[in-house]
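Report on one structure; see the data block that follows.
Please read these numbers as outputs of a predicted model, since none were measured by experiment.
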Amino acid sequence: SAPITLVRVFPNIDIEAGVVLTQRPDSNDGNDTRWWLATQNGQVYTFTESAPEPTLVIDIADILVIDGEAGLLGLAFHPQFASNGYVFLSYTTPGPGAFTSRIARYTSDDGGLTLDRASEQVIFDLRQPYTNHNGGDIHFGPDGMLYIGFGDGGSAEDPQGHGQNTDTLLGAMLRIDIDGGTPYAIPADNPFAAG
């Protein structure tokens, strides 16, 4: 078999603890070279392929619980970001239990070069019983819904049985309509919407 060759795509970028690397939803023409990188430590950076260095978009480290599987864990641009400027972050923050997993919306008025910390709107909080198995990845699907992946809540071997229990939001993939309610709506066609 042929040897594998590694090519460094972003030679000027050297940022540790990256958890999400993404582009804006309106950059699908193949010509956009701007990227956004979220780090577990609470920073979001943006850069282009030829940029000498990344620039800081937002730093929320001071409101995070940062641990082995905790911190800033997800970033998603709203499908209509070009018109509404909405960016969603998923992170762990102090709260009841071990801490709280939070989904929050931020607004940018400069195309994503910065996010306004004062614009934060908390969309969803989930109590975490332990400090691991948090999950926290978020994405908008082609249906315009926000998909949220949460782990089973932690400890060894899921002692509270969240992963097999459809009555808990831990160990689950959530699908919410971010535009259908305040702060969100549950789509009627979700499998367990009536539960």
Side-chain angles (χ1 to χ4, degrees), residues 17-25 36-42 44 58 60-61 63-81 84 86-107 115 119-195:
V19 292
V20 178
L21 180 65
T22 191
Q23 291 187 292
R24 287 175 39 160
W36 280 261
L37 174 68
T39 70
Q40 184 181 4
N41 297 324
V44 176
I58 192 170
I60 61 168
I63 62 171
L64 300 184
V65 172
I66 303 170
D67 201 359
E69 298 175 26
L72 176 56
L73 303 173
L75 176 151
F77 286 91
H78 190 283
Q80 280 77 51
F81 173 79
N84 63 26
Y86 293 161
V87 177
F88 295 80
L89 299 181
S90 172
Y91 59 86
T92 54
T93 191
F99 45 73
T100 295
S101 285
R102 174 168 290 167
I103 309 298
R105 186 187 79 200
Y106 292 83
T107 303
L115 292 179
S119 72
E120 182 187 54
Q121 178 184 359
V122 175
I123 302 297
F124 187 88
D125 276 349
L126 181 62
R127 177 185 172 277
Q128 290 285 350
Y130 301 102
T131 60
N132 62 340
H133 297 193
N134 311 128
D137 196 18
I138 56 174
H139 293 273
F140 280 92
D143 57 1
M145 303 297 164
L146 181 62
Y147 289 76
I148 306 165
F150 283 123
D152 62 27
S155 196
E157 301 173 9
D158 189 16
Q160 296 182 1
H162 295 296
Q164 302 300 316
N165 184 351
T166 58
D167 292 328
T168 177
L169 300 180
L170 293 166
M173 179 64 69
L174 308 183
R175 175 179 177 255
I176 62 174
D177 181 355
I178 209 69
D179 299 315
T182 304
Y184 64 90
I186 299 172
D189 60 346
N190 274 6
F192 303 101

**Report entry** Minimum heavy-atom distance Trp36-Gln23, with the two atoms named
**Finding:** CE3-CA, 4.2 Å
Query raised in the report: Quick check: does any side chain N or O of Asn190 sit under 3.5 Å from a backbone N or O of Phe192, one acting as donor and the other as acceptor?
Result: no
**Report entry** Test item: Leu174 and Leu126 side chains (from C-beta on) under 4.5 Å apart, heavy atoms
**Finding:** no
Requested in this report: Over all heavy atoms of both residues, which pair between Pro159 and Gly154 is shortest? Give the atoms and the distance, please.
Outcome: CD-O, 3.5 Å
Report summary line: In this structure, CD1 of Ile123 is separated from CD1 of Ile176 (nearest 0.5 Å) by 7.0 Å
Requested in this report: Look only at the side chain of Asp152 and the backbone of Leu170, and say whether a donor-acceptor pair between them is shorter than 3.5 Å.
Outcome: no
Report summary line: What one should report as the nearest heavy-atom pair of Pro25 and Pro79 is CG-O, 3.9 Å
Requested in this report: Starting at CG of Leu75, measure out to CD1 of Ile138 and round the result to the nearest 0.5 Å.
Outcome: 6.5 Å
Requested in this report: Among residues two or more places apart or on two chains, list those pairs meeting ring-ring contact (aromatic ring centres under 6.0 Å, His included) that have a residue in residues 156-190.
Outcome: Phe124-Tyr184
Query raised in the report: Is a side-chain N or O of Thr100 found less than 3.5 angstrom from the main chain of Arg102, in a donor-acceptor match?
Result: no
Query - Gap separating the CG atom of Leu169 from the CG atom of Asp125, nearest 0.5 angstrom - result: 12.0 Å
Atom pairs and distances, side-chain donor-acceptor, residues 65-74, under 3.5 Å, sequence neighbours left out:
from: Glu69; atom 1: OE1; to: His133; atom 2: N; distance (Å): 2.6

Report task. Would you indicate whether Ile186, at its atom CD1, is surrounded by more than 12 heavy atoms from other residues, nucleotides or ligands within a distance under 6.0 Å? Result -> no
**Report entry** Shortest non-hydrogen contact between Ser90 and Gly136, atoms and distance
**Finding:** OG-O, 2.7 Å
Query raised in the report: Between Gln128 and Phe150, which heavy-atom pair has the shortest distance, and what is it?
Result: NE2-CD2, 4.3 Å
Query - Point-to-point distance, once rounded to the nearest 0.5 Å, from CD1 of Ile178 to CD of Gln80 - result: 12.5 Å
Report task. For Phe140, check ring pair (Phe, Tyr, Trp, His ring centres under 6.0 Å) against everything at least two apart and list the hits. Result -> His78, Phe88
Requested in this report: Measure the spacing between OH of Tyr91 and CD1 of Ile103 and express it to the nearest 0.5 Å.
Outcome: 9.0 Å
Query - Test side-chain contact (heavy atoms from CB on, under 4.5 Å) applied to Ile60 and Val44, Asn41, Thr93, Leu89, the passing residue - result: Leu89
Report task. Search all heavy atoms of Pro129 against all heavy atoms of Gly153 and return the closest pair with its distance. Result -> CG-O, 3.5 Å
Requested in this report: Compute both the distance and the angle, then confirm whether Arg105 meets the cation-pi test with Tyr86: under 6.0 Å from the six-membered ring centre, within 45 degrees of the axis.
Outcome: yes
Query raised in the report: What do the steps show when you test Val20 against His139 for side chain to side chain contact (heavy atoms under 4.5 Å, CB included), and what is the final call?
Result: CA-CA 11 Å; Val20 178; His139 293 273; 5.9 Å; no
